There are 2 protein chains.
Amino acid sequence: MQNFQALYDYIEKLTGKMLSVDDKQVFTAHFKPNKIRKRQYFLQEGDVCKYTGFIVKGAAKTYTVDEKGNEHILKLSVEDWWLADFESFYKLTPSRFNIEALEDMEILQITHASVEEFIKPIPAFTSMQNVLSQNNTIAAQKRMQSSISQTGEERFQELVNDYPHFIQRFPQNLIASYLGLTPETLSRIRKSSSK
Amino acid sequence: MQNFQALYDYIEKLTGKMLSVDDKQVFTAHFKPNKIRKRQYFLQEGDVCKYTGFIVKGAAKTYTVDEKGNEHILKLSVEDWWLADFESFYKLTPSRFNIEALEDMEILQITHASVEEFIKPIPAFTSMQNVLSQNNTIAAQKRMQSSISQTGEERFQELVNDYPHFIQRFPQNLIASYLGLTPETLSRIRKSSSK
DNA sequence: AAATACGCTTGATTAAAATCAATCTACTTC
DNA sequence: GAAGTAGATTGATTTTAATCAAGCGTATTT
């Protein structure tokens with residue numbers, strides 16, 4: 001299963017630990033491959049996020065819609081990222097977010113209960129979780145710091161530095177929303193900073 | 001040691017697991033009590049964050065200073081919170097942040113190496129880390145979502161709801177900075193929203 | 001007690017970003 | 001191929017927040 005190979009490679013690379021044949025057996029038994037077509041939802045506001053998905057192929061946006069009908073993009077996710085509203089996923093509460101495919105996607109999905117029961121006993125997996133927890137903490141801190149202390153232009157430059165492929169891959173209106181800006185403002189920022 | 005009792009209570013309450021006498025022995029052997037006076041630094045920009053500290057008493061701010069000399073508060077921390085720049089703490093890189101006591105503090109501090117070697121084997125501690133990891137993920141997501149999609153006024157209201165004691169305990173200029181606003185703007189927001 | 005520092009408020013002005021509106025282009029889709 | 005849609009850009013205007021400046025009250029310090 002080439003789908004699963006992407007997950008194995010990811011875990012082994014991130015943790016430096018090798019998965020045994022038995023480990024892989026557990027993964028194939030409990031992760032379910034799923035395809036999500038462009039513009040389809042992985043999660044809709046009000047629903048409980050029953051699955052977390054490892055993205056083998058494709059991209060998605062996690063966003064809210066405010067009372068005026070404007071979208072606000074909290075997260076853009078691509079290959080080798082985990083897809084979920086973790087608040088809803090951990091607590092089994094209705095989500096405030098929508099998660100929608102921006103491209104046709106292939107994911108490997110699993111429920112919280114299955115992770116706890118079958119996947120957590122695999123040392124490489126808990127090791128992965130620890131690494132991800134640290135990375136998340138650091139990334140969240142950095143993004144928050146940008147958000148409170150930098151201008152739109154500085155935040156955009158940081159995004160270009162940190163995730164250059166995002167700029168190539170996603171339309172500017174999504175990038176703008178991710179940065180907390182309107183598309184018009186980002187367009188003007190790009191124009192003035194290119195001079 | 002009544003200092004340590006606060007830590008034990010915290011872990012037991014958060015995880016639902018009891019600490020054995022031996023466990024507590026390990027804690028007292030490796031966590032070092034430390035007092036930090038108001039206006040003193042737990043961490044200064046450019047230094048490596050060698051310790052993480054459990055706050056037994058007092059409060060602190062984590063902030064950066066921009067090129068204009070303005071402070072931007074990333075975090076306000078009180079009793080039962082962990083104090084560190086985790087990026088610097090995990091990676092042993094120089095920190096971009098300052099952490100300064102807002103009140104006289106009592107903390108229990110420990111190095112990353114000691115955590116890994118002595119504290120992580122304690123099941124209740126790793127269990128605590130898992131809970132904290134989840135809570136952090138959720139809180140970071142929520143704060144980020146506020147930041148990109150809500151006005152200053154809405155963010156302030158959310159803070160009042162989520163952390164009412166912060167409003168009592170910290171001066172408004174710090175609250176403003178935490179929200180990414182100037183003190184003047186927060187003052188005007190409060191004035192207009194009280195009507 | 002006087003002096004100082006700190007925090008909060010208010011006013012006037014400037015700067016940044018949002019909003020509203022129109023146009024243009026490149027893709028889909030039928 | 002025509003029609004429709006999505007995304008980007010530009011202009012004019014409004015809204016929001018930052019900045020600059022002053023004044024006031026309350027702690028804190030000496």
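In what follows, chains are A, B, ... by sequence order, proteins preceding strands, each numbered from 1. None of the values given here were measured: they were computed from a predicted structure.
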Q) Counting any heavy atom closer than 4.0 Å, what does A/Lys68 reach on the DNA or RNA strands: base, sugar-phosphate only, or nothing? A)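 Here A/Lys68 touches the backbone only, sparing every base.
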Distance in angstrom units between [X] [atom1] and [N] [atom2], rounded:
X: B/Arg190; N: D/dA17; atom1: CZ; atom2: C1'; result: 18 Å
X: B/Leu174; N: C/dC6; atom1: CG; atom2: C1'; result: 11 Å
X: A/Asn173; N: C/dT25; atom1: CG; atom2: P; result: 19 Å
X: B/Lys38; N: D/dT29; atom1: NZ; atom2: P; result: 8 Å
X: B/Lys191; N: D/dT16; atom1: NZ; atom2: C1'; result: 17 Å
X: A/Ile148; N: D/dA18; atom1: CD1; atom2: P; result: 12 Å
X: A/Leu186; N: D/dG7; atom1: CG; atom2: C1'; result: 12 Å
X: A/Arg188; N: C/dA16; atom1: CZ; atom2: P; result: 14 Å

Q: Please check if the side chain of B/Ser88 supplies one atom and the backbone of B/Thr93 the other of a donor-acceptor pair under 3.5 Å.
A: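 Yes, because the side chain of B/Ser88 sits within donor-acceptor range (under 3.5 Å) of the backbone of B/Thr93.
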Q. Is a side-chain N or O of A/Tyr63 found less than 3.5 angstrom from the main chain of A/Leu74, in a donor-acceptor match?
A.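 Answer holds: no.
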Starting the side chain at C-beta, find the nucleotide from [options] nearest to [X].
X: A/Gln172; options: C/dT29, C/dA18, D/dA8; value: D/dA8
X: A/Thr185; options: D/dG7, C/dA18, D/dA21; value: C/dA18
X: A/Pro171; options: D/dG7, D/dA17, D/dT10; value: D/dG7

Q: Taking only the side-chain nitrogens and oxygens of A/Thr182, find out if one of them lies under 4.0 Å from OP1 or OP2 of C/dA17.
A: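 For A/Thr182, the contact criterion (side-chain N or O under 4.0 Å from OP1 or OP2 of C/dA17) is not met.
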Q. Between B/Arg39 and B/Ser187, who's closer to the 5' end of DNA chain C by nearest nucleotide?
A.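 Final value for this comparison: B/Arg39.
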Q: Please lay out, stage by stage, how B/Arg190 and B/Phe156 fare under the test side chain to side chain contact (heavy atoms under 4.5 Å, CB included).
A: CA-CA 9 Å; B/Arg190 282 168 58 94; B/Phe156 175 67; 3.6 Å; yes
**Q.** Working for side chain to side chain contact (heavy atoms under 4.5 Å, CB included), residues A/Val48 and A/Phe89
**A.** CA-CA 7 Å; A/Val48 170; A/Phe89 180 71; over 6 Å; no
Q: May I have the step-by-step check of salt bridge (Lys or Arg N to Asp or Glu O under 4.0 Å) for B/Arg143 and B/Glu158, ending in yes or no?
A: CA-CA 9 Å; B/Arg143 191 170 171 210; B/Glu158 197 165 281; over 6 Å; no
